[in-house]
Participant: 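Got a structure for you, questions after.
Because only heavy atoms are used, hydrogens play no part in the values below, and waters and symmetry mates are left out as well, while side chains stay in.
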Amino acid sequence: MRPVREDTLRRYEARINRVIDHIAADPAREFTLDELAGAAPFSRFHFHRIFAGLTGETVQAFIRRLRMDRAANMLAFAPDVSVTDVAMYCGFSSSQNFARAFRERFSMTPSEFRRRRHYRTGADREGACCLLADPFRAYPSAGGAADIVSAGAGAANGNAGNVPAAGVEYQQAMRGAADRPPPRHPQPSCMRPLPGNPPAQDEIPWLPDGPPHVRLDPDSARSDAMNVDVKEMPAYRVAYLRHIGPYASETIGPVWGRLMALTGQRGLLRPGVPGFGISWDNPEVTPPEHCRYDACIEIGPEVDALELADAGISVQNLPGGLYAEYRSMIACDGFFKAWNDMYSQWLPASGWQCDDRPGYELYHDMLGCPPEGPWDVGICVAVRPL
């Protein structure tokens with residue numbers, strides 16, 4: 001494994017912050033996976049896991065939070081803009097959906113929030129510091145929650161600090177932000193131009209301190225202890241059963257049991273034969289009932305795919321190439337942490353980035369796997385040099 005390197009961390013940091021800038025420029029609009037992955041650029045296959053691992057929240061949660069933060073600012077500082085217009089401007093499909101989401105976040109209606117947090121009148125001074133309800137809690141290095149809270153308290157006492165001034169100027173800025181042509185954002189020379197490049201930091205009126213950038217500081221001791229090996233993996237021919245539905249042990253476990261029974265009856269399950277678990281979808285994007293998981297074991301070229309098909313077993317080929325394998329003993333409830341450690345701890349400091357080939361869980365000896373775990377598993381991520 002390559003040693004932890006500061007330049008590698010900063011390159012991952014710059015890439016994820018380009019995505020944050022891209023979203024913060026106009027969080028009300030819809031984004032595609034290709035667009036956000038390309039803004040980094042990261043592999044679209046691994047983008048969601050990388051973003052969540054490095055920022056501490058999913059892309060969808062981040063976008064929802066920015067929309068709600070923008071709405072809260074508009075309610076507080078643009079009192080002449082109706083609640084319905086605030087909802088539409090901030091990307092909500094209806095005022096009813098906005099009101100429901102707003103109540104879940106702030107425990108009050110948008111109208112009540114506006115009455116209590118109206119800084120121009122100084123109303124509810126004792127509660128003013130709660131304005132944004134700690135919107136940047138995942139980003140303490142970006143002028144985060146402490147700065148926002150102190151700014152709100154200062155505004156209630158006539159000293160606005162970093163909070164934009166209320167009144168006509170701010171309302172005009174809010175209304176005109178979407179119409180102003182944004183300056184170009186620096187991008188790597190290998191990237192094609194993307195629509196909606198974000199404006200300069202001081203030209204986003206609803207984010208007075210700029211986008212909530214991340215500062216990566218992985219645990220180097222944890223990364224060094226992870227036993228990750230970057231190596232060439234062969235291509236595998238595998239027999240598999242596919243589960244479509246939520247990723248849960250109670251639904252995936254029986255699929256493995258059925259695969260082992262069927263392949264064992266045909267003499268395919270022998271000592272040393274590896275197994276593979278492949279999660280093809282991200283449940284943050286794909287509805288859980290449509291998520292695909294393949295339980296696989298390796299088979300040789302002599303195995304007849306048509307004979308397996310008669311038993312309901314399919315055959316596919318897994319690509320070979322350069323993979324980073326994090327091998328450890330993993331219990332049933334430890335897979336999420338293992339994948340998250342790979343993306344959030346090891347990868348940013350490794351000098352590698354994800355490739356577009358699928359990742360998988362490699363069970364080194366299926367016949368020796370105890371039914372209840374823990375299992376000898378390699379978390380395998382396809383990589384290429386950063």
Participant: Would you check if there is a donor-acceptor pair between the side chains of Asn97 and Arg100 at a distance under 3.5 Å?
Facilitator: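 Side-chain D/A pair, Arg100 to Asn97: present.
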
Participant: How are the rings of Phe276 and Tyr360 set to each other: parallel, tilted or perpendicular (split at 30° and 60°)?
Facilitator: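 If you compare the ring of Phe276 with that of Tyr360, the planes turn out perpendicular.
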
Participant: Run the side chain to side chain contact (heavy atoms under 4.5 Å, CB included) check on Val303 and Leu308 step by step: do they pass?
Facilitator: CA-CA 8 Å; Val303 177; Leu308 292 181; 3.6 Å; yes

Participant: Looking at residues at least two apart in the chain, or sitting in another chain, which of them share a salt bridge (Lys or Arg N to Asp or Glu O under 4.0 Å) with Arg242?
Facilitator: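 Expected list: Asp294.
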
Participant: Give me the other members of the hydrophobic cluster that Met329 sits in, counting Ile, Leu, Val, Met, Phe, Trp and Tyr linked by side-chain heavy atoms under 4.5 Å, directly or via other members.
Facilitator: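 None; Met329 is a cluster of one.
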
Participant: Rounded to the nearest 0.5 Å, what separates atom OG1 in Thr109 from atom CZ in Arg114?
Facilitator: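 Rounded to the nearest 0.5 Å, the OG1-CZ separation comes to 11.0 Å.
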
Participant: Side-chain heavy atoms under 4.5 angstrom apart, residues restricted to Ile, Leu, Val, Met, Phe, Trp, Tyr: same cluster for Leu66 and Val59?
Facilitator: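 Linked within one cluster.
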
Participant: Under 3.5 Å, side chain of Trp375 to main-chain N/O of Pro370, donor-acceptor pair present?
Facilitator: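 It does hold such a pair.
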
Participant: To the nearest 0.5 Å, what is the distance between CG (Leu318) and CD1 (Ile278)?
Facilitator: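 Output value for this atom pair is 4.5 Å.
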
Participant: By salt bridge (Lys or Arg N to Asp or Glu O under 4.0 Å), which residues pair with Arg44, not counting sequence neighbours?
Facilitator: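 Scan of Arg44 (salt bridge (Lys or Arg N to Asp or Glu O under 4.0 Å), adjacent residues dropped) gives Asp34.
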
Participant: Look at the side chain of Arg357 and the backbone N and O of Leu322, then say whether any donor-acceptor pair between them is shorter than 3.5 Å.
Facilitator: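 Yes, Arg357 side chain to Leu322 backbone: donor-acceptor pair under 3.5 Å.
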
Participant: With hydrophobic residues grouped by side-chain heavy-atom distances under 4.5 Å, do Phe92 and Val86 end up in a single group?
Facilitator: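 They do share one cluster, since a chain of ILVMFWY contacts under 4.5 Å joins Phe92 to Val86.
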
Participant: Hydrophobic cluster membership, with links at side-chain heavy-atom distances under 4.5 Å among I/L/V/M/F/W/Y: are Val230 and Tyr12 in one?
Facilitator: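 Same cluster.
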
Participant: Distance alone, cut at 3.5 Å: any donor-acceptor contact between the side chains of Arg15 and Gln353?
Facilitator: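 Side chains of Arg15 and Gln353: pair found under 3.5 Å.
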
Participant: Using the ring of each side chain (for Trp, its six-membered ring), is Tyr343 parallel, tilted or perpendicular to Trp339, with breaks at 30° and 60°?
Facilitator: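 Parallel: the ring planes of Tyr343 and Trp339 meet at under 30°.
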
Participant: Would Leu54 and Leu386 show up in the same hydrophobic cluster when neighbours are defined by side-chain heavy atoms closer than 4.5 Å?
Facilitator: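 Linked, Leu54 and Leu386 end up in one cluster.
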
Participant: When you group the ILVMFWY residues by side-chain heavy-atom contacts below 4.5 Å and let the links chain together, are Ile330 and Ile252 in the same group?
Facilitator: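 Hydrophobic grouping puts Ile252 with Ile330.
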
Participant: For the CZ atom of Phe102 and the CZ atom of Phe113, what is their distance to the nearest 0.5 Å?
Facilitator: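 Separation between the atoms: 4.5 Å.
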
Participant: Strictly distance-based, threshold 3.5 Å: is any side-chain N or O of Arg116 a donor or acceptor partner for the main-chain N or O of Met108?
Facilitator: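 Absent.
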
Participant: Just verifying a value: how many Å separate Met260 CE and Leu367 CG, rounded to the nearest 0.5 Å?
Facilitator: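 The CE atom of Met260 sits 6.5 Å away from the CG atom of Leu367.
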
Participant: Should the pair Phe45 and Trp280 be assigned to parallel (<30°), tilted (30 to 60°) or perpendicular (>60°) ring geometry?
Facilitator: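 Aromatic pair Phe45/Trp280 classed perpendicular.
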
Participant: Could you grab the distance from atom CH2 of Trp256 to atom OG of Ser249, nearest 0.5 Å is fine?
Facilitator: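 Here the interatomic distance stands at 14.5 Å.
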
Participant: Do the side chain of Ser43 and the main chain of Asp355 share a donor and acceptor less than 3.5 angstrom apart?
Facilitator: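 Looks like yes, one N/O pair under 3.5 Å.
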
Participant: Within the distance-only criterion (no hydrogens, no angle test), does the side chain of Thr84 pair as donor or acceptor with the backbone N or O of Ser95 below 3.5 angstrom?
Facilitator: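 No, Thr84 side chain to Ser95 backbone: no donor-acceptor pair under 3.5 Å.
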
Participant: Could you check whether Arg18 makes a cation-pi contact with Phe42, meaning its NZ or CZ is under 6.0 Å from the centre of the six-membered ring and within 45° of the ring axis?
Facilitator: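 Here Arg18 fails the 6.0 Å and 45° test against Phe42.
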
Participant: For Arg258, look at atom CZ and say whether over 12 heavy atoms of other residues, nucleotides or ligands are found less than 6.0 Å away.
Facilitator: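 Open: at most 12 neighbouring heavy atoms sit under 6.0 Å from CZ of Arg258.
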
Participant: Going by the angle between their ring planes, with limits at 30° and 60°, are Tyr293 and Tyr247 parallel, tilted or perpendicular?
Facilitator: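 It falls in the perpendicular class, over 60°.
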
Participant: Nearest 0.5 Å, please: how far is CZ in Arg67 from CD1 in Ile23?
Facilitator: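 It is 10.0 Å, given to the nearest 0.5 Å.
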
Participant: Within the distance-only criterion (no hydrogens, no angle test), does the side chain of Arg384 pair as donor or acceptor with the backbone N or O of Cys354 below 3.5 angstrom?
Facilitator: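 Yes; at least one donor-acceptor contact below 3.5 Å.
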
Participant: Can Arg64 and Glu104 be said to form a salt bridge (Lys or Arg N to Asp or Glu O under 4.0 Å), step by step?
Facilitator: CA-CA 12 Å; Arg64 286 194 299 267; Glu104 290 176 358; over 6 Å; no

